[in-house]
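We count residues from 1, following the sequence as given. Below, each value reflects all heavy atoms present in this structure, side chains not excepted, and no hydrogens, waters or symmetry copies.
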Amino acid sequence: MITAGIEALGVAVPGTYLDLSDLAQARGVPVAKFHEGLGVREMSVALASEDTVTLAARAARMALKDVDPHEIGLCIVGTETAVDHSKPVASFVQGLLGLPQHCRIYETKHACYGGTAGVMTALDWIRAGSHKGRKALVICADIARYPLGSPGEPTQGAGAVALLLSESPSLIALGPAVGTCSRDVNDFWRPLYKKSAIVDGQYSLSCYLEALQGAYLAWQVESGGLKPFRSDAFAAMVYHVPFPKMAKKAHWALRDFDGDRDPEVSYRWQVEHGLNFPQRVGNLYTASLYLSLASVLATDLRPLDGAQVGLFSYGSGSCAEFFTGIVTRGAQAKVKALQLDKMLDARRRISFAEYERTLAQAEGADAAPAKREAAGHPYTFLGVEADRRVYARP
Ligand code: HMG
């Protein structure tokens, strides 16, 4: 079978964030509830000039910095916060990045699982030989929004992770065994007429954990194992991170399936490195799992060359998958060189008042007349002109 996996990655987050201590103070909630109860410290806030397209394009530009765009034969954007009911985010990205015409371009949706749906399709495309030597670009991009003042509010966030997938996986070679678990549930959804999500919070936690058990068991069967497998064989366990405490709950549940009565120890070495970035940006929906993977590669100080990592993707509604990868030699140095920590440090902290103003502006941004001045980031959403979205590019 053709080897396939992640050759390069790129990350984009908005240039602004809200410190969760400011949100706690404004909402009259003890800050410990956000810091310790949920594990979140900062939350990315997208300005009206940033949308799923601009975040996706910025992440993709980073992932493609050493690649000729003409090598891309498949471009999929996984998102649950698209900008149009018909035209995919991937087409806007094609235009902004100059991807070739002979490239299959589309968008996938299944809540936070939508990006992994794209990854699985790209892997099948490569392994089947349909790629004919070309590479796939899968971009996970989202802006997570819950009603102001709701329990979901501290678990918002925004950002994108772009993955270049190919038969030369110089970051992670992904294994062919995939355990799937899907069910029709109403844990989290967003009706067409709403900008923010509706969630049955506590129920969503149990749906996530049940899906983890189902996907993990299915993966064990898929990977041929009647032999007992223990998840502490993974050097790192990377989970979908709606908020960091959820990854902790997931790890407790996973280790419990394996009969481990003291998961705190393995949590420290298997999971915590993957939460360093997520605790600074919040939920990125489709991109959360892959930001956590980037966090492991950038911040885990142990040499991981040749190590196996476990990955768990969950999308409400629901679909979940458990799969694995082997870290390629030199992958950690490549991801460290992206200086993602510096990118996070360079963001501007906004006040609670600016946060509320920004979200109010974003409500109307999809119909606002285009302004001609481009500001800030290399790709900017300028507004709408004759019902067409207008973007500035570098
Ligand atoms: P809540 O009702 O505000 O919080 O909602 P809580 O009362 O459950 O407290 C949360 C934790 O803080 C608890 O810890 C409390 O004990 C602790 P736990 O018992 O769970 O370990 N706590 C404190 N700790 C220290 N000091 C204090 C204090 N007070 C309380 N003073 C909830 C929490 C997560 C439900 C809410 O934020 C929410 O609805 N978030 C959105 C839904 C979500 O993220 N669900 C996750 C699973 S579904 C999923 O991952 C899919 C998703 O990403 C969407 C997609 O697929 O597209 C969401």
Trainee: Strictly below 4.0 Å, N to O, side chains only: are D366 and K195 in salt-bridge contact?
Mentor: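 Yes, this pair counts.
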Trainee: Whether the Y208 and S318 side chains hold a donor-acceptor pair (N or O, under 3.5 Å, no angle test) is what I'd like checked.
Mentor: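 Checked: Y208/S318 side chains show no N/O donor-acceptor pair below 3.5 Å.
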Trainee: So for atom CD, which belongs to Q25, do other residues, nucleotides or ligands contribute more than 12 heavy atoms lying within a distance under 6.0 Å?
Mentor: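 No.
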Trainee: L164 versus I6: any side-chain heavy-atom pair under 4.5 Å?
Mentor: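 Answer no - side chains too far apart.
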Trainee: Looking only at atom types and distance, does a side-chain atom of S44 sit under 3.5 Å from a main-chain N or O of Y17, one as donor and one as acceptor?
Mentor: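 No: the side chain of S44 does not pair with the backbone of Y17.
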Trainee: Could you check whether F92 and Y391 have their ring centres less than 6.0 Å apart?
Mentor: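 Yes: the rings meet the under 6.0 Å criterion.
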Trainee: When you compare the side chains of S288 and N283, does any donor N or O come within less than 3.5 Å of an acceptor on the partner?
Mentor: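 Yes, N283 and S288 have a side-chain donor paired with an acceptor closer than 3.5 Å.
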Trainee: Does the side chain of N186 come under 3.5 Å of the side chain of Y203 through a donor N or O and an acceptor N or O?
Mentor: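 No, because no side-chain N or O of N186 sits under 3.5 Å from a partner of the opposite role on Y203.
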Trainee: Can you find a heavy atom in the side chain of I350 that is under 4.5 Å from one in the side chain of V45?
Mentor: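 Of all side-chain heavy-atom pairs linking V45 with I350, at least one is under 4.5 Å.
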Trainee: Does D142 reach the side chain of L284, with side-chain heavy atoms less than 4.5 Å apart?
Mentor: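 They are not in contact (no side-chain heavy atoms under 4.5 Å apart), so the answer is no.
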Trainee: May I ask you to check whether Y355 and Q156 show a side-chain donor-acceptor distance below 3.5 Å?
Mentor: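 Q156 and Y355 do have a side-chain donor-acceptor pair below 3.5 Å.
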Trainee: For the residue pair S86 / D84, report whether a side-chain donor-acceptor contact shorter than 3.5 Å exists.
Mentor: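 D84 vs S86: no donor-acceptor pair found between side chains.
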Trainee: Distance only, no hydrogens: is a donor on one side chain within 3.5 Å (strictly under) of an acceptor on the other, for E321 and T180?
Mentor: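 There is such a pair between these side chains.
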Trainee: Restricting to non-hydrogen atoms, name the atom on S313 and the atom on L289 that form the minimum distance, rounded to 0.1 Å.
Mentor: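 Looks like CB-CD2, 3.7 Å.
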Trainee: Are any of the side-chain heavy atoms of L64 and L137 separated by less than 4.5 Å?
Mentor: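 Yes - at least one pair of side-chain heavy atoms lies under 4.5 Å apart.
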Trainee: Measure up the Y239 and F312 rings against each other and bin them: parallel (under 30°), tilted (30 to 60°), perpendicular (over 60°).
Mentor: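 Taking F312 first and then Y239, their aromatic rings stand perpendicular (interplane angle over 60°).
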Trainee: Would you mind reporting whether H240 and P242 have side-chain heavy atoms less than 4.5 Å apart?
Mentor: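 Yes, close enough: below the 4.5 Å cut-off.
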Trainee: With R255 as the cation and Y267 as the aromatic partner, state whether NZ or CZ is under 6.0 Å from the six-membered ring centre and within 45° of the axis.
Mentor: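 No cation-pi geometry.
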Trainee: Is there a donor-acceptor contact under 3.5 Å linking the side chains of H251 and S266?
Mentor: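 Present: a donor and an acceptor within the cut-off.
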Trainee: Quick one: does L171's side chain get under 4.5 Å of T328's, heavy atoms only?
Mentor: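 L171 vs T328: side chains apart.
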Trainee: Check whether Y379 forms a cation-pi arrangement with R393 (NZ or CZ under 6.0 Å from the six-membered ring centre, at most 45° off the ring normal).
Mentor: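 Output no; distance or angle outside limits.
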Trainee: Quick one: which of R349, Q279, R347 gives a side chain to side chain donor-acceptor pair (under 3.5 Å) with E42?
Mentor: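 Exactly one option meets the side chain to side chain donor-acceptor pair (under 3.5 Å) with E42, and it is R347.
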Trainee: Which heavy atom in A90 sits nearest to a heavy atom in Y106, and how many Å separate them?
Mentor: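 Heavy atoms of A90 and Y106 come nearest at CB-O, 3.3 Å.
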Trainee: Would you say T108 and T121 make side-chain contact, with heavy atoms under 4.5 Å?
Mentor: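 A side-chain contact under 4.5 Å is absent here.
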Trainee: Under 3.5 Å, is there a donor-acceptor pair between the side chain of Q270 and the main chain of A235?
Mentor: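 Checked: no pair found.
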Trainee: Between R190 and E80, is a salt bridge (Lys or Arg N to Asp or Glu O under 4.0 Å) present by the stated rule, with each step listed?
Mentor: CA-CA 9 Å; R190 186 167 65 87; E80 55 181 294; 5.9 Å; no
Trainee: Determine whether P169 and T3 make a side-chain contact, defined as any pair of heavy atoms from C-beta on separated by less than 4.5 Å.
Mentor: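 A side-chain contact under 4.5 Å exists here.
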Trainee: Determine, stepwise, if the pair R280 / D341 fulfils salt bridge (Lys or Arg N to Asp or Glu O under 4.0 Å).
Mentor: CA-CA 10 Å; R280 299 190 62 187; D341 46 351; over 6 Å; no
Trainee: Salt bridge or not for R348 and E354, using N-O below 4.0 Å?
Mentor: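 Looking at R348 and E354, the cut-off is met.
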Trainee: Quick one: does any side-chain atom of K245 pair with a main-chain N or O of G37 as donor and acceptor, under 3.5 Å?
Mentor: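 Pair found, side chain donor or acceptor close to backbone of G37.
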Trainee: Ion pair present between K194 and E363, side-chain N to carboxylate O less than 4.0 angstrom?
Mentor: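 E363 and K194: not salt-bridged.
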Trainee: What orientation do Y146 and Y285 show, parallel under 30°, tilted 30 to 60°, or perpendicular over 60°?
Mentor: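 Perpendicular, since the angle between the ring planes exceeds 60°.
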Trainee: Do the side-chain N and O atoms of S295 and N276 include a donor-acceptor pair separated by under 3.5 angstrom?
Mentor: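 No, because no side-chain N or O of S295 sits under 3.5 Å from a partner of the opposite role on N276.
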